[in-house]
Asks: 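Structure in structure tokens, see below.
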Amino acid sequence: MTQRAFPILFITATRIGDAVLSSGLIKMLADQIPNARFTIVAGPLAAPLFAHVPGLDRVIVMEKAKGKGKSHWFKLWNQVRHKKWSLVVDLRGSATALFLRREKRAIWKKLPGDVVHKVVDAARTLKLEGDPPAPHLYISPDVQALADELLGEGGPILAMGPASNWIGKVWPIERFTQTAAQLLDKDGPMAGGRLLILGGPEDTRMVEELRMASARGRTIDLTGKVDLLTAYACLKRARLFIGNDSGLMHIAAAAGTPTIGLFGPSDERRYGPWGDRAEAVRGPRSFDQFMAIDPDLSQAIRHMSDLPVATVIKAAKALLARTEPEAELSPQEAVVEEAIAEEVAEAEEAVVDVAEDVPPQQAIVEEVLAEERVSERDAS
């Protein structure tokens, strides 16, 4: 018997980084609800990230209206009001879901208290802060094939993202050049490797020094030449990524690439690259110290100039060592590993699981709006 579709309206961020950090919720819903059908709402820059989500019906690009009005929210409501939604997830905390026909809704709310990472903050919306889903992007085999063609074959790839959306967060380009030279040097930890440079079309000029100083034939400059998902597919093949706090940094971490995020006037407690293969690195000044001299975080100052190359190199070497791929087992070792695995499997089969199965939809949404149900009951 065919299951009834489970339509989900998922409203995510305008900015690329925030959208990536919330993407794990989509994967969790897709995994837990096989009949889920997604309509995803995102800003113009972030919307392409969701082109290959399974069960995707539509991506709605919502561009903020100019001026102080909220007409973009009315326009969105007018596009989605004709359907009854099984679940509405609104990570932008708007009132849109209040005026839609829906069975369940989960609306982000700003909570007082300690600073938490944006991944945890997004997971709170679905009561998952104790086990927040890691960011995840979907790509098609064609996208990965294109990335493989662009990268070709060769040594390990050092990927770099030297740009950011504000000059205050940009590490000087000459320091990226020095870092790449030391890591890729014949005596460096990535000797024989290649340099991959990524960024948007507006970053082409700024990366010129890095491109020109790198070894010919060992540099792949894709700045302004690939879309976000192709960049993600390329990063899945990189051995290490080093970049400023940016959407590209979060894409690299989501790809599982060992990632060094360079921080200064942004808070790594909220925006650090997510995962156990990622590290945030900063100079001697804390985020609060930057706030003291630039309260609006808007000055055209290169705040990152106090982060030395040596600090980044040290962090990169440590991360490379920690994420070194395991060596292949010898035939004898493989036999032992297989025997151990069989014993573990037999032991697990002997454990009787008496827990009752919970339907996937129920497991996800039954507590999403516990407070809302209590409020509605009290109001009646």
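We use all heavy atoms of the structure for the numbers below, so side chains are in, but hydrogens, waters and symmetry mates are not.
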Asks: Out of curiosity, Ile157 CD1 to Cys234 SG, how far, rounded to the nearest 0.5 Å?
Replies: 7.5 Å
Asks: Drop me the distance from Leu195's CG to Ile220's CD1, to the nearest 0.5 angstrom.
Replies: 8.5 Å
Asks: If you look at every heavy atom in Ala180 and Leu210, which pair is closest and at what distance?
Replies: CB-CD1, 4.4 Å
Asks: Could you check Trp274 against His250 for ring pair (Phe, Tyr, Trp, His ring centres under 6.0 Å), going step by step and ending with a plain yes or no?
Replies: CA-CA 7 Å; Trp274 183 265; His250 292 300; over 10 Å; no
Asks: Working to the nearest 0.5 angstrom, can you tell me the gap between Glu129 CD and Arg124 CZ?
Replies: 6.0 Å
Asks: Between Glu153 and Arg194 (salt bridge meaning N to carboxylate O under 4.0 Å), is one present in this structure?
Replies: no
Asks: Taking the side chain as everything from C-beta on, heavy atoms only, tell me whether Leu307 gets closer than 4.5 Å to Arg282.
Replies: no
Asks: Under the 3.5 angstrom rule, does the side chain of Lys225 hit a backbone N or O of Asp221 as a donor-acceptor pair?
Replies: yes
Asks: Search all heavy atoms of Phe10 against all heavy atoms of Leu91 and return the closest pair with its distance.
Replies: CZ-CD1, 3.7 Å
Asks: Group every Ile, Leu, Val, Met, Phe, Trp and Tyr by side-chain heavy-atom contacts under 4.5 Å, then state whether Met190 and Leu196 land in the same group.
Replies: no
Asks: Can you tell if the side chain of Val170 reaches within under 4.5 Å of the side chain of Pro162, non-hydrogen atoms only?
Replies: no
Asks: Using ring pair (Phe, Tyr, Trp, His ring centres under 6.0 Å) as the criterion, list what pairs up with Phe176, not counting sequence neighbours.
Replies: Trp171
Asks: Please, which pairs that meet ring pair (Phe, Tyr, Trp, His ring centres under 6.0 Å) have at least one residue in residues 296-319, sequence neighbours excluded?
Replies: Trp166-His303, Phe290-His303
Asks: Does the Ser246 side chain pair with the main chain of Asn244, one donor and one acceptor, at a distance under 3.5 Å?
Replies: yes
Asks: Which heavy atom of Leu248 sits nearest a heavy atom of Gly161, and at what distance?
Replies: CD2-CA, 3.8 Å
Asks: Residues sharing Val80's hydrophobic cluster, by side-chain heavy-atom contacts under 4.5 Å among ILVMFWY, directly or via others?
Replies: Leu9, Ile11, Val41, Ile60, Met62, Trp73, Phe74, Leu76, Trp77, Trp85, Val88, Leu98, Phe99, Leu100
Asks: If you apply the rule side-chain contact (heavy atoms from CB on, under 4.5 Å), what do you find for Thr14 with Leu45, and how did you get there?
Replies: CA-CA 7 Å; Thr14 296; Leu45 295 177; over 6 Å; no
Asks: Quick one: do the Thr323 and Arg239 side chains pair a donor with an acceptor below 3.5 Å?
Replies: yes
Asks: Is the backbone N or O of Leu240 less than 3.5 Å from a side-chain atom of Thr257, with the two atoms forming a donor-acceptor pair by type?
Replies: no
Asks: Could you walk me through whether Lys236 and Ile139 pass the side-chain contact (heavy atoms from CB on, under 4.5 Å) test, one step at a time?
Replies: CA-CA 11 Å; Lys236 288 174 75 69; Ile139 55 173; 4.1 Å; yes
Asks: Apply the test side-chain contact (heavy atoms from CB on, under 4.5 Å) to residues Phe38 and Leu29: give CA-CA distance (whole Å), side-chain angles for both, the deciding distance (0.1 Å), then the verdict.
Replies: CA-CA 10 Å; Phe38 289 94; Leu29 291 168; 3.8 Å; yes
Asks: Does Arg4 come within less than 4.0 Å of Glu103, counting only side-chain N to carboxylate O?
Replies: yes
Asks: Using modelled atom types only, decide if a donor and an acceptor are shared between the side chain of Thr177 and the backbone of Arg175 within a distance under 3.5 Å.
Replies: no
Asks: From His52 NE2 over to Leu137 CG, what is the distance, rounded to the nearest 0.5 angstrom?
Replies: 10.5 Å
Asks: Working note: Lys75 + Glu63, criterion salt bridge (Lys or Arg N to Asp or Glu O under 4.0 Å); need CA distance, chi angles, decisive distance, verdict.
Replies: CA-CA 10 Å; Lys75 184 178 179 181; Glu63 192 162 6; over 6 Å; no
Asks: Are Val207 and Leu150 in one and the same hydrophobic cluster, where Ile, Leu, Val, Met, Phe, Trp and Tyr link if side-chain heavy atoms are under 4.5 Å apart?
Replies: no
Asks: Using a 4.5 Å cut-off on heavy atoms from C-beta on, say whether the side chain of Pro265 contacts that of Asp294.
Replies: no
Asks: Does a side-chain N-to-carboxylate-O contact under 4.0 Å join Asp18 and Arg15?
Replies: yes
Asks: Do Phe50 and Thr12 have side chains that approach each other closer than 4.5 Å (heavy atoms only, starting at C-beta)?
Replies: yes
Asks: Quick one: pull up CZ in Arg270 and CG in Asp245 and give me the separation to the nearest 0.5 Å.
Replies: 12.0 Å
Asks: Assess the residue pair Arg277 and Thr259 against the criterion (side-chain contact (heavy atoms from CB on, under 4.5 Å)); give the C-alpha distance rounded to whole Å, side-chain angles, the decisive distance to 0.1 Å, and a yes or no.
Replies: CA-CA 6 Å; Arg277 295 165 63 86; Thr259 297; over 6 Å; no
Asks: Checking the side chain of Arg218 only, and the main-chain atoms of Gly193 only, is there a donor and an acceptor separated by less than 3.5 Å?
Replies: yes
Asks: Sub-3.5 Å donor-acceptor pair from the side chain of Tyr232 to the main-chain atoms of Ala255, do we have one?
Replies: no
Asks: Decide whether Met160 and Ile260 are clustered together by the hydrophobic rule: side chain heavy atoms of Ile, Leu, Val, Met, Phe, Trp, Tyr closer than 4.5 Å, transitively.
Replies: yes
Asks: Do Arg101 side-chain atoms and His82 backbone N/O form a donor-acceptor pair below 3.5 Å?
Replies: yes
Asks: Are a donor atom and an acceptor atom from the side chains of Thr223 and Asp203 found within less than 3.5 Å of each other?
Replies: no
Asks: Quick one: pull up OG in Ser86 and CG in Asn35 and give me the separation to the nearest 0.5 Å.
Replies: 8.0 Å
Asks: Any donor-acceptor pair under 3.5 Å linking the side chain of Glu324 with the backbone of Ala321?
Replies: no
Asks: How close do Ala238 and Pro258 get, counting heavy atoms only, and between which atoms?
Replies: O-CD, 4.4 Å
Asks: Report the hydrophobic cluster partners of Ile301, with the cluster defined as I, L, V, M, F, W, Y residues connected by side-chain heavy atoms closer than 4.5 angstrom, directly or transitively.
Replies: none
Asks: Does Arg302 reach the main-chain N or O of Gly168 with its side chain, forming a donor-acceptor pair under 3.5 Å?
Replies: no
Asks: Under the 4.5 Å side-chain heavy-atom rule for ILVMFWY, direct or indirect, which residues accompany Leu111?
Replies: none
Asks: Under 4.5 Å between side-chain heavy atoms, counting indirect links through other Ile/Leu/Val/Met/Phe/Trp/Tyr residues: same cluster for Ile197 and Leu146 or not?
Replies: no
Asks: Tell me, do Leu128 and Val120 make a side-chain contact under 4.5 Å, heavy atoms counted?
Replies: no
Asks: Determine, for Asp90 against Arg92, whether the closest basic-nitrogen to carboxylate-oxygen distance falls under 4.0 angstrom.
Replies: no
Asks: Would you call Val281 and Ile242 a side-chain contact if the rule is heavy atoms closer than 4.5 Å?
Replies: no
Asks: Are Leu262 and Ile173 in one and the same hydrophobic cluster, where Ile, Leu, Val, Met, Phe, Trp and Tyr link if side-chain heavy atoms are under 4.5 Å apart?
Replies: yes
Asks: Who else is in the cluster with Trp108 when I, L, V, M, F, W and Y are joined by side-chain contacts under 4.5 Å?
Replies: none
Asks: Distance only, no hydrogens: is a donor on one side chain within 3.5 Å (strictly under) of an acceptor on the other, for Ser94 and Thr96?
Replies: yes
Asks: For a 4.5 angstrom cut-off between non-hydrogen side-chain atoms, does Arg285 reach Asp306?
Replies: yes
Asks: Would you say the side-chain atoms of Arg322 pair up with the backbone N or O of Asp276, donor to acceptor, closer than 3.5 Å?
Replies: yes
Asks: How close do Pro133 and Gly24 get, heavy atom to heavy atom, and via which atoms?
Replies: CB-O, 3.4 Å
Asks: Are any of the side-chain heavy atoms of Gln144 and Asp142 separated by less than 4.5 Å?
Replies: no
Asks: On a heavy-atom basis, which atom in Ala5 and which in Pro7 lie closest, and how many Å separate them?
Replies: O-CD, 3.3 Å
